[in-house]
Amino acid sequence: MKISKRERNGVTILDLEGKLNIEDGAGLLRDVIRQSLATGPYNVVANLAAVSQLDSSGMGELTSAMTVLQGHGGNLKLLSLPARLRHQFESTQIITVFEHFEDEDSAVASFD
């Protein structure tokens, strides 16, 4: 898992690439969210366009990150869910928990 972090209009955008699972990316995502809590901002968009694999640990980390950020007055929203990930989110009903967007402009603007 590789996570690139950038900021746009007071929103942190995390570009995730690779496997978001218990072995490769869940712990890294947790660490990046902790860093965001230390420095802000607390509004985060997770771009999942380049995520090749997602397991229950990855979904759990995304949900946990959203909860932690909301506890600090922020939120986590999802961007660019590939079809295979969208199916996983829909089949587990986790899709109803997250706001999700197809384009970055809409995702960033949703925090206004």
Side-chain angles (χ1 to χ4, degrees):
M1 168 63 54
K2 177 180 164 189
I3 300 177
S4 301
K5 184 177 175 181
R6 55 195 168 92
E7 191 173 323
R8 183 172 162 206
N9 297 337
V11 175
T12 298
I13 300 169
L14 302 177
D15 296 306
L16 286 73
E17 182 179 346
K19 298 175 182 178
L20 182 53
N21 60 27
I22 194 165
E23 295 171 359
D24 296 316
L28 179 59
L29 178 60
R30 184 180 320 116
D31 293 343
V32 170
I33 294 298
R34 283 184 188 149
Q35 290 170 2
S36 291
L37 291 175
T39 61
Y42 302 134
N43 289 324
V44 177
V45 172
N47 180 1
L48 303 179
V51 173
S52 60
Q53 186 181 47
L54 177 75
D55 68 5
S56 60
S57 294
M59 280 190 189
E61 276 308 317
L62 288 168
T63 305
S64 177
M66 182 182 67
T67 302
V68 167
L69 290 165
Q70 286 174 340
H72 285 82
N75 205 349
L76 173 76
K77 300 181 183 187
L78 306 180
L79 173 64
S80 299
L81 283 167
R84 64 194 174 300
L85 297 187
R86 180 180 296 277
H87 176 72
Q88 284 180 270
F89 275 83
E90 289 172 349
S91 66
T92 59
Q93 297 297 311
I94 278 237
I95 195 76
T96 61
V97 173
F98 290 98
E99 284 186 72
H100 49 28
F101 300 88
E102 293 303 316
D103 68 276
E104 186 174 303
D105 290 338
S106 298
V108 170
S110 72
F111 287 103
D112 290 337

A.B. asks: Applying side-chain hydrogen bond (donor to acceptor under 3.5 Å, both in side chains), name anything that partners D112, two or more places apart in sequence or on another chain.
C.D. replies: none

A.B. asks: Not counting sequence neighbours, which residues clear side-chain hydrogen bond (donor to acceptor under 3.5 Å, both in side chains) with S106? List them please.
C.D. replies: D103

A.B. asks: Please give me the minimum heavy-atom distance between P82 and A49, naming the atom from each residue.
C.D. replies: CG-O, 3.7 Å

A.B. asks: Flag the pair N75 / M66 as yes when at least one side-chain heavy-atom distance between them is below 4.5 Å, and no otherwise.
C.D. replies: yes

A.B. asks: Are the side chains of V45 and F111 in touch, meaning some heavy atoms are under 4.5 Å apart?
C.D. replies: yes

A.B. asks: Which residue pairs pass the side chain to side chain donor-acceptor pair (under 3.5 Å) test when at least one of the two sits in residues 39-49, sequence neighbours left out?
C.D. replies: D15-N47

A.B. asks: For residues R8 and D105, determine if any side-chain heavy atom of one lies less than 4.5 Å from a side-chain heavy atom of the other.
C.D. replies: yes

A.B. asks: Applying side chain to side chain donor-acceptor pair (under 3.5 Å) as the test, list every pair that has at least one member in residues 79-94; sequence neighbours left out.
C.D. replies: R86-E102

A.B. asks: Apply salt bridge (Lys or Arg N to Asp or Glu O under 4.0 Å) to D55 and list each qualifying residue two or more places apart in sequence or on a separate chain.
C.D. replies: none

A.B. asks: Any heavy-atom pair between the side chains of L78 and I95 that's under 4.5 Å?
C.D. replies: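 With C-beta onward as the side chain, the pair stays apart.
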
A.B. asks: Identify whether V108 and L81 are in the same connected component of the hydrophobic contact network (ILVMFWY, side-chain heavy atoms under 4.5 Å).
C.D. replies: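 Unlinked, V108 and L81 end up in two clusters.
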
A.B. asks: Among V11, T12, I13, find the one that has a side-chain contact (heavy atoms from CB on, under 4.5 Å) with R6.
C.D. replies: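 Output: one option passes, namely I13.
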
A.B. asks: Would you call F89 and T96 a side-chain contact if the rule is heavy atoms closer than 4.5 Å?
C.D. replies: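 They are not in side-chain contact.
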
A.B. asks: Kindly determine whether I33 and L69 satisfy side-chain contact (heavy atoms from CB on, under 4.5 Å), including the steps that lead there.
C.D. replies: CA-CA 8 Å; I33 294 298; L69 290 165; 4.2 Å; yes

A.B. asks: Run the side-chain donor-acceptor check on residues 16-29: report pairs under 3.5 Å with partners two or more places apart or on a different chain.
C.D. replies:
residue	atom	partner	partner atom	Å
N21	OD1	E23	N	3.1
N21	OD1	D24	N	2.8
N21	ND2	Q53	OE1	3.0

A.B. asks: In terms of heavy-atom contacts, does NZ of K2 have more than 12 from other residues, nucleotides or ligands at under 6.0 Å?
C.D. replies: no

A.B. asks: Could you measure the distance from the CG atom of L76 to the OG1 atom of T63? Nearest 0.5 Å is fine.
C.D. replies: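 Going from the CG atom of L76 to the OG1 atom of T63 covers 8.5 Å.
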
A.B. asks: Would you call F101 and K77 a side-chain contact if the rule is heavy atoms closer than 4.5 Å?
C.D. replies: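 When only atoms from C-beta onward are counted, K77 and F101 do touch, with a gap below 4.5 Å.
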
A.B. asks: If you take all heavy atoms of L79 and E104, which pair is closest and at what distance?
C.D. replies: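 Closest pair (atom of L79, atom of E104, distance): CD1-N, 3.6 Å.
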
